[in-house]
Amino acid sequence: MGSLYRYYKPLTSICFSPPPAKSYLLHSIKIKTHFSPTKKTRLHRFFTSLTSSSQPSIKTNGGDASAASQSSELWLYNTMSRKKELFKPKVEGKVGMYVCGVTAYDLSHIGHARVYVTFDVLLRYLKHLGYDVHYVRNFTDVDDKIIARANELGEDPISLSKRYCEEFLHDMVYLHCLPPSVEPRVSDHMPQIIDMIERILENGYAYRIDGDVYFSVDKLPEYGRLSGRKLEDNRAGERVAVDSRKKNPADFALWKSAKEGEPFWDSPWGPGRPGWHIECSAMSAAYLGHSFDIHGGGMDLVFPHHENEIAQSCAACRDSNISYWVHNGFVTIDSEKMSKSLGNFFTIRQVINLYHPLALRLFLLGTHYRSPVNYSDVQLESASERIFYIYQTLHDCESILSQHRVAFEKDAIPPDTINDINKFHDTLVTSMSDDLHTPVLLSALSDPLKIINDMLHTRKGKKQIKRIESIAALEKMVRNALMVLGLMPPTYDEALQQLREKALMRAKLTEDQILQKIKERTVARKDKDYEKSDAIRKDLAALGIALMDSPDGTSWRPAIPLALQEQQVAST
């Protein structure tokens with residue numbers, strides 16, 4: 001006979017209200033969501049911001065112009081209405097957002113990374129616009145998959161899940177995802193879950209069978225409105241559990257009676273544990289109330305998870321209402337969804353072992369969040385090369401600006417630079433306010449980066465009037481955009497070094513080996529042995545190492561390996 005695991009959580013240990021505000025939360029924000037200042041006002045605010053801190057930041061108090069130089073109408077695609085809608089929070093200046101977290105039984109894969117990078121960008125942009133965001137992201141630490149994995153490993157289910165929750169948090173730090181306001185776990189919220197199930201039973205939307213409690217979908221005529229599915233589409237065995245005792249094959253479990261070898265909690269229906277869907281209804285209500293602004297997750301959660309959440313929440317509270325249902329697209333491999341169940345996934349750790357975490361983030365943001373993104377080595381190499389270029393440009397800016405003391409006074413910025421700033425700022429606001437169109441913003445970075453490089457390295461650029469002032473203004477503008485996208489590293493120098501180290505690892509080379517090849521090539525060029533010189537360059541390029549010649553000598557940088565470059569050209 002296997003043993004039963006009993007878990008008790010005293011009522012006094014459960015948080016029924018949001019936790020105290022943390023340093024990364026927004027406070028006391030008042031914004032006007034329809035204010036559109038003139039270009040003159042925007043520039044005045046932008047230049048004011050240039051004279052402040054040299055490091056960009058998403059400010060947490062209203063009135064900061066660099067973080068939110070203008071308020072904007074934000075449009076989000078609402079899965080419920082199947083169209084983009086103007087975002088209007090229930091409480092002016094404040095946003096409640098709940099995003100379904102991971103079921104913690106293994107390391108997270110890059111499909112998970114896409115979910116949480118997507119909603120991190122939404123969080124950052126809402127803050128950029130001046131909103132006070134209360135962001136809740138849960139952990140599922142009680143689930144069939146967790147129990148199965150724990151039994152397989154001979155480990156306590158809650159301990160196993162706790163370990164993988166911690167691993168997930170490390171992954172989020174690597175990917176520069178801001179911490180949520182609160183991260184509730186199922187095992188800590190049994191009183192709220194049991195209370196909600198009791199209300200659903202009292203309101204006549206559920207029934208009991210031998211210690212189990214099932215939701216009766218026939219009692220809710222609106223069931224299926226989020227996914228567009230009809231009840232007859234929900235055949236037993238296809239994403240709904242087969243159980244002949246159920247009144248309707250589509251009915252789903254709110255409470256499961258205890259079984260041997262499984263954790264359980266006491267309840268009015270006997271010992272057991274909650275079904276998957278009820279946890280999010282209970283925890284979102286505990287921290288955001290029954291009516292809040294945004295509920296998000298991957299599109300695979302539309303049915304059955306979010307559909308069932310709506311049913312439960314409405315059955316428990318007639319006033320339950322979520323304004324916007326936001327879902328991101330899949331990460332695919334060969335046009336097939338990446339998932340643990342299909343066995344075709346790469347964990348975040350596997351990817352960032354070879355590529356910089358911010359290169360992975362850039363790769364994910366390079367496709368609109370609702371579209372599928374196809375994982376491939378060439379895409380990761382391209383993202384890595386691109387982010388190296390961005391950081392190298394900004395590092396060069398820092399180097400030259402450190403030699404000058406830039407004072408921003410009236411008329412300090414040339415008209416051409418002012419036009420460039422206006423153009424980029426408008427693109428940032430327009431693209432991000434149009435359902436977070438990150439690929440457009442990433443593409444728009446090309447122009448200011450090229451202008452900066454021209455001013456830094458070309459004869460014509462170095463002769464420009466007020467060149468240093470222009471470089472400083474453009475660099476500040478690019479940094480602020482990177483903050484919105486979550487792509488700003490602690491330091492450029494550190495990020496560049498890490499990108500080089502990852503490139504060396506992929507090439508299976510050491511830096512000393514590359515420097516030796518550079519010496520051999522330099523000798524070959526002096527001897528006019530251009531065949532050997534070209535061969536060395538080509539051999540390194542094949543491994544993703546590009547050589548760059550300058551009057552100061554030859555240096556190297558990461559690049560897309562030649563074979564992958566050819567593959568990229570062929571695919572386009």
Side-chain angles (χ1 to χ4, degrees), residues 1-11 14 103-105 138-162 184-220 223 234-283 285-286 304-305 307-309 311-313 315-316:
M1 290 288 290
S3 61
L4 291 172
Y5 300 105
R6 179 181 291 272
Y7 292 90
Y8 289 104
K9 293 289 181 180
L11 284 169
I14 305 298
T103 300
Y105 68 97
N138 76 295
F139 279 113
T140 296
D141 62 349
V142 179
D143 183 79
D144 293 340
K145 293 177 181 178
I146 296 170
I147 294 167
R149 183 71 186 279
N151 289 340
E152 177 187 326
L153 298 175
E155 191 172 344
D156 173 77
I158 300 297
S159 297
L160 174 123
S161 186
K162 181 179 180 181
R185 302 188 186 200
V186 176
S187 60
D188 293 328
H189 292 77
M190 289 301 162
Q192 291 94 329
I193 292 170
I194 290 170
D195 178 66
M196 179 169 276
I197 295 172
E198 285 184 309
R199 278 184 281 152
I200 294 171
L201 279 164
E202 289 168 4
N203 292 338
Y205 288 92
Y207 56 93
R208 300 167 54 175
I209 302 177
D210 303 327
D212 295 326
V213 181
Y214 285 99
F215 188 93
S216 179
V217 295
D218 291 322
K219 296 283 187 178
L220 197 71
Y223 185 78
N234 302 331
R235 292 175 292 180
E238 295 184 5
R239 304 192 72 168
V240 289
V242 177
D243 190 335
S244 60
R245 302 174 303 159
K246 294 194 294 185
K247 295 179 179 180
N248 185 312
D251 293 349
F252 55 91
L254 299 176
W255 188 261
K256 299 179 178 182
S257 58
K259 296 179 180 62
E260 291 292 331
E262 295 186 354
F264 73 92
W265 288 259
D266 285 334
S267 79
W269 319 286
R273 58 186 175 87
W276 174 34
H277 314 297
I278 191 67
E279 62 186 58
C280 288
S281 289
M283 289 188 288
H305 187 53
E307 193 72 75
N308 291 350
E309 272 195 67
Q312 295 163 158
S313 297

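Numbering starts at 1 and runs along the sequence shown. The structure presented is a predicted model; accordingly, all values stated were derived computationally and were not measured.
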[atom1]/[X] to [atom2]/[Y] distance, rounded to the nearest 0.5 angstrom?
X    : Y    : atom1 : atom2 : result
L254 : S281 : CG    : OG    : 9.0 Å
K145 : Y105 : NZ    : OH    : 4.5 Å
E262 : D144 : CD    : CG    : 7.0 Å

Please determine, by modelled atom types, if Y223 and D218 share a side-chain donor-acceptor pair under 3.5 angstrom.
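Y223 vs D218: no donor-acceptor pair found between side chains.
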Is [Y] close to [X] at the side-chain level, that is, under 4.5 Å between some pair of heavy atoms?
X    : Y    : result
V142 : E279 : no
I200 : I278 : yes
W265 : I193 : no

For [X] and [Y], indicate whether the former's side chain and the latter's backbone hold a donor-acceptor pair under 3.5 Å.
X    : Y    : value
T103 : T140 : no
N203 : Y205 : no
D141 : S161 : no

So which heavy atom on [X] is nearest to which on [Y], and how close?
X    : Y    : result
Q312 : F252 : OE1-CE1, 3.3 Å
A316 : R199 : O-NH1, 3.9 Å
W255 : S267 : NE1-OG, 3.4 Å
V213 : A206 : CG1-CB, 4.1 Å

Positive for side-chain contact (heavy atoms from CB on, under 4.5 Å) with M283, one of H189, Q192, M196, R185:
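Of all the options given, the one that passes is H189.
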Are D251 and R245 close enough, and set up right, to give a salt bridge (charged side-chain N to carboxylate O under 4.0 Å, His left out), and what steps lead you there?
CA-CA 10 Å; D251 293 349; R245 302 174 303 159; over 6 Å; no
Please lay out, stage by stage, how C280 and N138 fare under the test side-chain contact (heavy atoms from CB on, under 4.5 Å).
CA-CA 8 Å; C280 288; N138 76 295; 3.9 Å; yes
Give the ring-plane orientation class for W276 versus H305, where under 30° counts as parallel, over 60° as perpendicular and anything between as tilted.
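Rings of W276 and H305: parallel, as their planes differ by under 30°.
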Going through the checks in order, is the side-chain contact (heavy atoms from CB on, under 4.5 Å) test met by E155 and N151?
CA-CA 6 Å; E155 191 172 344; N151 289 340; over 6 Å; no
K259 vs I147, test: side-chain contact (heavy atoms from CB on, under 4.5 Å). Steps then yes/no.
CA-CA 11 Å; K259 296 179 180 62; I147 294 167; over 6 Å; no
